[in-house]
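Reading through the structure tokens given below for one structure.
Both ligands and their constituent atoms are indexed starting at 1 by order of listing. These numbers were taken from a predicted model, which means no experiment stands behind them.
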Amino acid sequence: MQRVIIHVDMDYFYAAIEEREDPSLKGKAVVVCMYSNRGEEGGAVSTSNYVARETGIRSAMPCRQAKALNPDAVFLPVRKQFYEEVSDRVMEILRSSADSEESFEKISIDEAFLEITHSSDSDFEHARKISMKIKEEIKAREKITCSIGIGPNKLIAKMASSFQKPDGITIVRPEEVQNFLKPMPVKKLWGIGKVTGEKLAEMGVETIDDLEKHDILELINAFGKNRGTWLKQAASGIDETPVKERTATDQIGRMASLKHDTRDENMIFSLLDELAGDVLSRAKSRKVSFRSVTVTVILSNFKTSTKSRTFNHPVSDMESLHKSAKEMMQQFLEESTSNFRRIGVQVGNLHEMAGQKSLFDF
Ligand code: TTP
Ligand code: CA
């Protein structure tokens with residue numbers, strides 16, 4: 001079945017949230033700054049809205065330089081935690097639009113891949129409709145926009161999403177991949193950084209088309225076998241990597257949606273039991289014990305909350321996990337009156353369990 005992958009990238013994310021929070025900013029240049037401990041003088045630009053970008057302001061530029069470029073711009077300090085809450089709710093919308101829980105991959109605070117091969121029936125026009133629905137839902141719930149790229153793999157979807165920004169949808173069908181990539185400067189290929197870009201330029205490789213036509217042995221010579229082969233493949237628009245949720249290697253967790261949004265304790269606790277059982281068997285097969293347990297609850301309004309417990313020594317038994325997870329879930333139920341949409345259990349602070357006993361133990 002022809003894969004259909006979409007990449008969603010929120011537009012000028014931090015600045016868009018600030019604009020939404022203060023309607024008087026509409027139409028003005030807005031710059032969100034990360035101030036260092038040297039105060040306003042030492043900060044760097046986190047991001048800016050498109051009005052500010054017109055005057056040449058860019059991410060990572062010193063705030064002082066941004067101020068010189070546009071003295072009328074409104075400068076605001078980063079509120080990371082607040083943006084993370086918005087991100088959590090957006091990611092929930094995206095996750096529930098993917099083919100399944102597993103076909104969702106968040107890659108940064110404001111970007112994610114979704115596989116929609118099945119829900120679009122491998123039809124790119126159908127994929128456009130799904131993408132429009134996603135944009136509408138994010139706009140309705142969060143009052144911010146995003147740009148979406150639709151392609152036959154992650155590489156193409158990612159490059160397509162930045163093709164029309166802000167608020168765009170770009171479709172690149174399998175038969176259009178070559179023409180889409182060909183004229184682009186090689187440094188636009190996702191995965192090529194400054195160093196590789198410069199090295200390629202020295203070899204006379206300017207466009208992706210140049211790279212695609214370049215002798216593979218020469219690429220392998222210059223970049224090594226893996227990287228050289230990858231460059232050649234990527235330039236042809238080939239990318240077979242799956243869309244897969246990334247989890248931290250020092251955590252084991254599972255989340256799942258309830259059959260419908262509910263506060264029914266039987267339903268919630270039986271799903272919690274199932275998830276905890278699953279997490280424990282994964283911890284067992286990895287031969288690890290854990291010191292912390294986290295429970296996540298996502299409410300009907302997509303609000304995400306977590307609670308954690310830390311034991312003073314590593315544990316690996318069902319009872320410790322179940323008991324602490326249940327207590328935290330009970331607290332969630334007492335604290336809120338909303339229905340629950342999804343729940344999750346996670347263990348962290350992992351410790352290798354002693355495997356083979358050493359001679360001294362006997
Ligand atoms: P980006 O997606 O790179 O940028 P953006 O969402 O602001 O704008 P665009 O419309 O071009 O996608 O980054 C997402 C957020 O990450 C951004 O809003 C702020 C933060 N960020 C930094 O803090 N520092 C940086 O250097 C960059 C690039 C981003
Ligand atoms: Ca973005």
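Using a cutoff of 4.0 Å between basic side-chain nitrogens and carboxylate oxygens, Arg342 and Glu101 are scored as salt-bridged.
For atom 19 (C) of ligand 1, the nearest non-hydrogen atom from the set Tyr12, Tyr50, Tyr83, Tyr14 belongs to Tyr14. Taking all heavy atoms of Ile17, Asp110, Asn49 into account, the minimum distance to atom 1 (P) of ligand 1 is reached by Asp110.
Counted by atom type alone, Thr207 and Asp210 present one or more donor-acceptor pairs between their side chains at under 3.5 Å. A donor and an acceptor atom, one from each side chain of Asp99 and Ser119, are located under 3.5 Å apart. Under 3.5 Å, the side chains of Ser320 and Asp317 contain a donor-acceptor pair of N or O atoms. No hydrogens or angles considered: a donor-acceptor pair under 3.5 Å links the side chains of Tyr83 and Glu18.
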Worked check of side-chain contact (heavy atoms from CB on, under 4.5 Å) between Leu189 and Met159 = CA-CA 7 Å; Leu189 192 63; Met159 292 173 69; 3.9 Å; yes
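In summary, the atoms of ligand 1 found under 4.0 Å from a heavy atom of Thr47, numbered by their order in the structure, are 5 (P), 7 (O), 17 (C), 18 (O), 19 (C).
In terms of polar-atom proximity, defined here as any N/O pair under 3.5 Å, Phe13 does make such a contact with ligand 1. Considering backbone and side-chain N/O of Asp11, none are found under 3.5 Å from N/O of ligand 1.
Atom 26 (O) of ligand 1 has Ser59 CB, 3.7 Å as its closest protein atom, hydrogens excluded (heavy atom only). Annotation: atom 12 (O) of ligand 1 to nearest protein heavy atom, Lys165 NZ, 3.1 Å. Atom 24 (N) of ligand 1 has as its closest protein heavy atom Ser46 O, 3.3 Å.
Here Arg53 has side-chain heavy atoms under 4.0 Å from ligand 1, and that is the only part of it that gets that close. With a heavy-atom cut-off of 4.0 Å, Asp9 touches ligand 1 through its side chain alone. Of the heavy atoms in Met10, only backbone atoms (N, CA, C, O) come closer than 4.0 Å to ligand 1.
At least one protein heavy atom sits closer than 4.0 Å to atom 6 (O) of ligand 1.
In terms of heavy atoms, Ala52 sits closest to Val31 at CB-CG2, 4.1 Å.
Here the two rings, on Phe113 and Phe104, have centers that are 6.0 Å apart or farther.
Both tests pass for Arg341 against the ring of Phe302: distance under 6.0 Å to the centre and angle within 45° of the axis.
Looking at Asp110, its N, O or S atom nearest to the Ca ion (ligand 2) turns out to be OD2. When distances from the Ca ion (ligand 2) to the N, O or S atoms of Asp9 are compared, OD1 comes out shortest.
The neighbour count for Lys307 NZ, taken as heavy atoms of other residues, nucleotides or ligands under 6.0 Å away, is above 12.
Every heavy atom of Arg58 sits 4.0 Å or more from the atoms of ligand 1.
Among the atoms of Tyr12, none of the N, O or S atoms falls under 3.0 Å from the Ca ion (ligand 2).
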